[in-house]
Amino acid sequence: MEPDPNNNNSTNIEAFLYGHQVNLEELEQDGDNDVPKKQRKRRRTSKAWGMFTKLPLDAYQDGKERSMCVCGQVYISESNYGTGNMLKHIKKCPKLKKSRDPRQMILDHSGSIGSCSLEFDQVVFRELLSAAIVKHGLPFQFVEFDAIRNCFEFLNSEVQNISRNTAKADILKAYNAERLRIKAMLEEVPGRICFTSDLWTACTTDGYMSLTAHFIDKN
């Protein structure tokens, strides 16, 4: 049977494929059943997601979606619950108040972008600045760059900029404190300590030696 070219009804169109008669409508329906439709993922736009981390669904028996703050506080974060409780928690989070997390500076009482409402702590600022210099290998003169100082003053007008000599003194102070902490930790090791070393030369012909300690602590 040849298909009728004058018939415009798509449900009655038939085709011959390799000598077998195939109904195109049934073929399309079968294809739709085999390929599941992709669900569109909703975009998270709330400012709360800058402070909260989504937890696995199997973390709790009820299977509800939850998110955890940097301080460890957990809230249900399903779409029908909203993020109101999470935004309220950010304003009074003890972890953020203690660490002066820079991300908190962009949230005001309404949850929108604005200036920081928390009290500025110069001591914590200098500790974070020292840690940044050490971690990224920045020069001490970094704290005297005009653009960097303008950035600090924009974030908080109460900031007291420091000199490179002060930055050096802060890093040496942090080094001595960390050295004493490691020394006290090693003194409590119940077993032996194994040391391994490595030597190398930098491109500037400066020689370096690294020392690694391997041990099992009391825990």
Side-chain angles (χ1 to χ4, degrees), residues 47-53 68-73 89-109 111-189 193-219:
K47 304 298 186 302
W49 296 115
M51 304 295 174
F52 281 79
T53 303
M68 183 173 64
C69 179
V70 293
C71 68
Q73 182 68 35
H89 171 77
I90 291 176
K91 302 173 187 175
K92 58 182 180 179
C93 177
K95 182 77 173 180
L96 297 179
K97 289 182 179 180
K98 181 179 179 181
S99 64
R100 304 295 186 263
D101 194 310
R103 294 172 297 179
Q104 178 67 7
M105 295 181 180
I106 63 173
L107 297 177
D108 58 16
H109 290 290
S112 59
I113 296 179
S115 60
C116 177
S117 59
L118 297 177
E119 181 183 357
F120 178 74
D121 192 326
Q122 180 71 19
V123 175
V124 176
F125 166 74
R126 287 172 58 173
E127 291 176 352
L128 294 175
L129 194 56
S130 299
I133 293 174
V134 172
K135 181 176 181 179
H136 300 289
L138 300 173
F140 296 134
Q141 192 180 4
F142 167 80
V143 299
E144 297 180 347
F145 293 163
D146 292 337
I148 295 299
R149 289 189 170 186
N150 292 338
C151 207
F152 292 156
E153 293 172 358
F154 171 77
L155 294 175
N156 196 300
S157 59
E158 298 180 3
V159 65
Q160 298 177 11
N161 291 310
I162 61 176
S163 66
R164 50 186 161 184
N165 292 330
T166 303
K168 178 181 178 181
D170 288 346
I171 292 176
L172 289 176
K173 180 180 178 181
Y175 162 77
N176 290 326
E178 186 69 12
R179 182 174 61 86
L180 294 176
R181 186 188 69 83
I182 295 177
K183 181 180 178 181
M185 179 180 61
L186 294 178
E187 289 177 350
E188 298 178 356
V189 174
I193 303 176
C194 177
F195 292 96
T196 58
S197 62
D198 187 19
L199 301 173
W200 75 92
T201 304
C203 58
T204 56
T205 68
D206 294 330
Y208 293 90
M209 181 182 71
S210 67
L211 186 65
T212 306
H214 306 268
F215 60 93
I216 300 177
D217 59 17
K218 60 181 181 180
N219 297 325

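Predicted, not measured: the structure shown is a model, and the values here were computed from it.
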[X] versus [Y]: any side-chain heavy-atom pair under 4.5 Å?
{"X": "V159", "Y": "Q122", "value": "yes"}
{"X": "D217", "Y": "M185", "value": "no"}
{"X": "T212", "Y": "D198", "value": "no"}
{"X": "F152", "Y": "L129", "value": "yes"}
{"X": "H89", "Y": "C71", "value": "yes"}

Considering non-hydrogen atoms only, spot the tightest contact between [X] and [Y] and give its length.
{"X": "Q73", "Y": "F52", "answer": "O-CE2, 4.1 Å"}
{"X": "I171", "Y": "V134", "answer": "CG2-CG2, 3.8 Å"}
{"X": "I133", "Y": "A167", "answer": "CD1-CB, 4.2 Å"}
{"X": "S130", "Y": "D170", "answer": "OG-CB, 3.3 Å"}

To the nearest 0.5 angstrom, please state how far the CD atom of E158 sits from the CZ atom of F125.
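Here the interatomic distance stands at 12.5 Å.
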
Please identify each residue that fulfils ring-ring contact (aromatic ring centres under 6.0 Å, His included) with Y208, with sequence neighbours left out.
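ring-ring contact (aromatic ring centres under 6.0 Å, His included) check on Y208 returns W200.
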
Between R149 (side chain) and I162 (backbone), is there a donor-acceptor pair under 3.5 Å?
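Yes.
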
Please step through side-chain contact (heavy atoms from CB on, under 4.5 Å) for the pair I148 and N161, ending with a clear verdict.
CA-CA 10 Å; I148 295 299; N161 291 310; over 6 Å; no

For atom [atom1] of [X], decide whether the heavy atoms of other residues, nucleotides or ligands shown that lie under 6.0 angstrom number more than 12.
{"X": "I182", "atom1": "CD1", "value": "yes"}
{"X": "F215", "atom1": "CZ", "value": "yes"}
{"X": "Y175", "atom1": "OH", "value": "no"}

Partners of S163 by side chain to side chain contact (heavy atoms under 4.5 Å, CB included), sequence neighbours excluded?
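Partners of S163 under the side chain to side chain contact (heavy atoms under 4.5 Å, CB included) test: E144, N165, T166.
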
